There are 2 protein chains.
Amino acid sequence: MASAPARSVRGRRASRPSGDDREGAILATAERLLGERALRAISIDDLARGAGISRPTFYFYFPSKDAVLLALLDRVVREADEALAAVPDTLAADPSRFWRECIATYHRTFGAHAAVTLACAEVRLSNAEVGALWSRVMESWTQAVTAAVEGERERGTAPAGLPARDLAIALVSMNERVLYSSFAHDVPTVDERDVVDVLHTVWLNAIYQTTTPPTGSSRPDR
Amino acid sequence: MASAPARSVRGRRASRPSGDDREGAILATAERLLGERALRAISIDDLARGAGISRPTFYFYFPSKDAVLLALLDRVVREADEALAAVPDTLAADPSRFWRECIATYHRTFGAHAAVTLACAEVRLSNAEVGALWSRVMESWTQAVTAAVEGERERGTAPAGLPARDLAIALVSMNERVLYSSFAHDVPTVDERDVVDVLHTVWLNAIYQTTTPPTGSSRPDR
DNA sequence: CACGGTATCGACACAGTGTCGAGTCGGTCA
DNA sequence: TGACCGACTCGACACTGTGTCGATACCGTG
């Protein structure tokens, strides 16, 4: 949906770099520059020059600077979806580990593209498309958590309490914000090495209302 | 020299409005326009015109658009500080009520200036001064919670667990994000009427690890 | 080889920001 | 009273960045 418009197959090996090369070059330049400064401090001219083209030519590939970021976010989101799908479903056997793995996976994936994540967190407030994709991620994460919590309650593992969806929203929101602060080195922030641990603990308390998780935490040493 | 007479039409009023009037007018215009659209869609010319002055004159009062927002935020923060200081310290007698009142106070105060709050949440990512003030609020809120949690633990009311500061950061961050979504009518979001309730419950679980709060909630009906 | 889609850029129009210098105005003091 | 000062005001300018348009070059295909 959010990927670049599917153009017909472009010319093969030619003396001139193909459009796909250019598109990739713009994307690569953008991610590199985002590591140095904020998107708002990167002009379209910077992006174009970095990709070896002129500013008007940039518009042949992307309608705006934000569209480049959207494409970048799209890649990261896809990566996160894949990584999350690869998390083994140990919810029944070892719920603590399951929640921890999910949280750690988000942390790892978005942390690996912190520059893009940070830029998107800012742009999503002003750009509807980035905002929509971001919301979609939050929503799907929320739905998955809601379902898992309801499952645990049916199994009798977790006690009843707040509507599962409300609880899920609160927890997912907390993760977003805490992870963001951690990537941005915001103040106040949790020590980078402890974030996953801290979030994990709050999740368990909120879902199971118990100090000691149902089964031992995979990293109880702090 | 040889100034055109047609040019000096302005300044008809008997007494010129004072600088304070202008400053207040700019602030008022800004808060009003922020209720209609985002800061980025408000030009300095809009602000100046709204205050009855020209664009260059705007710069006599504020160095930039962001500075106006900073002044606005400063007022809201002051208001929040006062409101919070007025919350009765029932931590020992009725902890549940105490936490609820604190959360509700933030919700009420910032909610009363949702437009300013929303604008600041966006600008703080790009403007260092707004960001610093915002961080200061987060930090002081965090420190207060940290101290209260430590107090509860010493009293034996709350069990040991996560370092109090880490727990505080996680909870305060959650509040910020959930309250923001609520004001912004973001997706996913908790129903406006339930936000305080939901946050309150998660706080109690995280701090006391118990389903039923130490003493009855002041609004258990949902 | 000419045709058409792909790709490219110079030049322009435009919106917004910030600054400068030239003023106006009301009050103070010699 | 009139020279002066500081608060206040704005027209005009310089600058930066965005987005568009029309002209043109390139290249595989018929």
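None of these values were measured; they are calculated from a predicted model.
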Would you indicate, yes or no, if D:dC8 has its OP1 or OP2 atom less than 4.0 angstrom from a side-chain nitrogen or oxygen of B:Thr57? no
Check the phosphate of D:dC10 against B:Ser54, side-chain N and O only, distance under 4.0 Å to OP1 or OP2. Yes or no? yes
Which listed nucleotide (D:dT9, C:dG16, D:dC21) is nearest to the side chain of A:Pro56? D:dC21
Gap between atoms [atom1] and [atom2], on [X] and [N] respectively (whole Å):
X	N	atom1	atom2	value
B:Asp46	C:dA15	CG	P	13 Å
A:Leu47	D:dG19	CG	C1'	15 Å
B:Ile53	D:dA7	CD1	C1'	14 Å
A:Phe60	C:dG5	CZ	P	12 Å
B:Asp21	D:dT9	CG	C1'	15 Å
A:Asp66	D:dG17	CG	C1'	14 Å
B:Tyr59	D:dA12	OH	P	18 Å
B:Arg40	D:dT18	CZ	P	15 Å

Show me the donor-acceptor pairs within less than 3.5 Å that the side chains of residues 78-87 of chain B make with the rest of the protein, sequence neighbours left out.
from	atom 1	to	atom 2	distance (Å)
B:Arg78	NH2	B:Asp74	OD2	2.3
B:Glu79	OE1	B:His113	NE2	3.0
B:Glu79	OE2	B:His113	NE2	3.4

With sequence neighbours excluded, residues passing ring-ring contact (aromatic ring centres under 6.0 Å, His included) with B:Trp134: none
Fit a plane to each ring of A:Trp203 and A:Trp99, take the angle between them on a 0 to 90° scale, and name the class: parallel (under 30°), tilted (30 to 60°) or perpendicular (over 60°). tilted
Just checking B:Arg136: does its CZ atom have more than 12 heavy atoms from other residues, nucleotides or ligands closer to it than 6.0 angstrom? no
Please check if the side chain of A:Ser182 supplies one atom and the backbone of A:Val178 the other of a donor-acceptor pair under 3.5 Å. no
Assess whether salt bridge (charged side-chain N to carboxylate O under 4.0 Å, His left out) is satisfied between B:Asp186 and B:Arg177, documenting all intermediate values. CA-CA 10 Å; B:Asp186 237 346; B:Arg177 187 66 179 94; 3.8 Å; yes
Looking at the base of C:dG18, is there any donor atom on it, or on the side chain of B:Arg55, that sits under 3.5 Å from an acceptor on the other one? yes
Please give me every residue in residues 118-133 of chain B whose heavy atoms get under 4.0 Å of an atom in DNA chain D, ordered by residue number. none
Are B:Asn175 and B:Tyr106 close enough that some pair of their side-chain heavy atoms sits under 4.5 Å apart? no
